[in-house]
Amino acid sequence: MIRKLIAGNWKMNGSLEANEVLVRAILAGVGTPGCDIAVCVPAPYLAQVAGLLKGQQSVALGAQDISRHAQGAYTGEVSGSMLRDFGTRYALVGHSERRQYHGETDEAVALKAKAALDVGITPIVCVGETLSEREAGQTDDVVRRQLAAVIHENGHCITEIVVAYEPVWAIGTGKTATPAQAQQVHAVLRSQLHAASTAAAGIRILYGGSMNAANAAELLAQPDIDGGLIGGASLKAPDFLTIASAA
Ligand code: PGA
């Protein structure tokens, strides 16, 4: 059985003071977790949170984005080797907010996944359909297209990625996909991964989109849901810890 991953996506939230309170509360309550846990923090706080996480193995550090380039004249970008300098273990790539507000294409997302793999960071590749795509019956096609670009670019390295299915209409809206809806899409993604790699059974597929302390257990009980990508609920230590213990 795959060890599940619960990753918090803080998005553009936090402060030096709030981060310290949050991370200390998570560490105080986490015990010996039965799953992998990560917090994906805003880039300016990587150093701070790396310091707070030092000397323990239960909670790993993640970033929310990564440049597709290794170095050079890319103002405002953060490279994989810079993330590595702070012990970053995971990087979100292709979050729907990046696709929507920063014009990230499937191809750009695939290159970001590659940039992460190149420096030994595990990319958490986000895919998901909008409400209008779902209503038009395009969900499977959209997520398959998004994942196909990453498979095409990364070939056999695909076994080193984490996939996160996040229906855009469920993100931050309080509307969660039902466990059955989520499982159906996860099964589609799983079979696509199986077609690309003989080791696909080991690739974790997370669900994200209004996952919270109340609904996590039922979602995480689905056969192809291998963890969660948690936005809002990751900012409250008790909720985040409840989700982690459900995994
Ligand atoms: P949410 O965000 O849990 O607040 O819906 C999830 C995400 O965007 O990763």
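Both counts, for ligands and for their atoms, begin at 1 and track the order of listing. Just so you know, these numbers use all the heavy atoms, side chains as well, and skip hydrogens, waters and symmetry mates. When a residue number appears, it is its place in the shown sequence, counting from 1.
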| task | Would you check ligand 1 and list the protein residues that come within less than 4.0 Å of it by any heavy atom, ordered by chain and number? | result | N9, K11, H95, E166, A170, I171, G172, G209, S210, L229, I230, G231, G232
| Do the side-chain N and O atoms of D224 and Q183 include a donor-acceptor pair separated by under 3.5 angstrom? | yes
| query | Do Q48 side-chain atoms and L16 backbone N/O form a donor-acceptor pair below 3.5 Å? | reply | yes
| request: Would you check if Y90 and L5 make a side-chain contact, meaning some heavy-atom pair closer than 4.5 Å? | output: yes
| query | Between E166 and H95, is any pair of side-chain heavy atoms under 4.5 Å apart? | reply | yes
| query | Who pairs with D239 by side-chain hydrogen bond (donor to acceptor under 3.5 Å, both in side chains), at least two apart in sequence or on another chain? | reply | none
| query | Is the shortest distance from a Lys or Arg side-chain nitrogen in D141 or R145 to a carboxylate oxygen in the other one below 4.0 Å? | reply | no
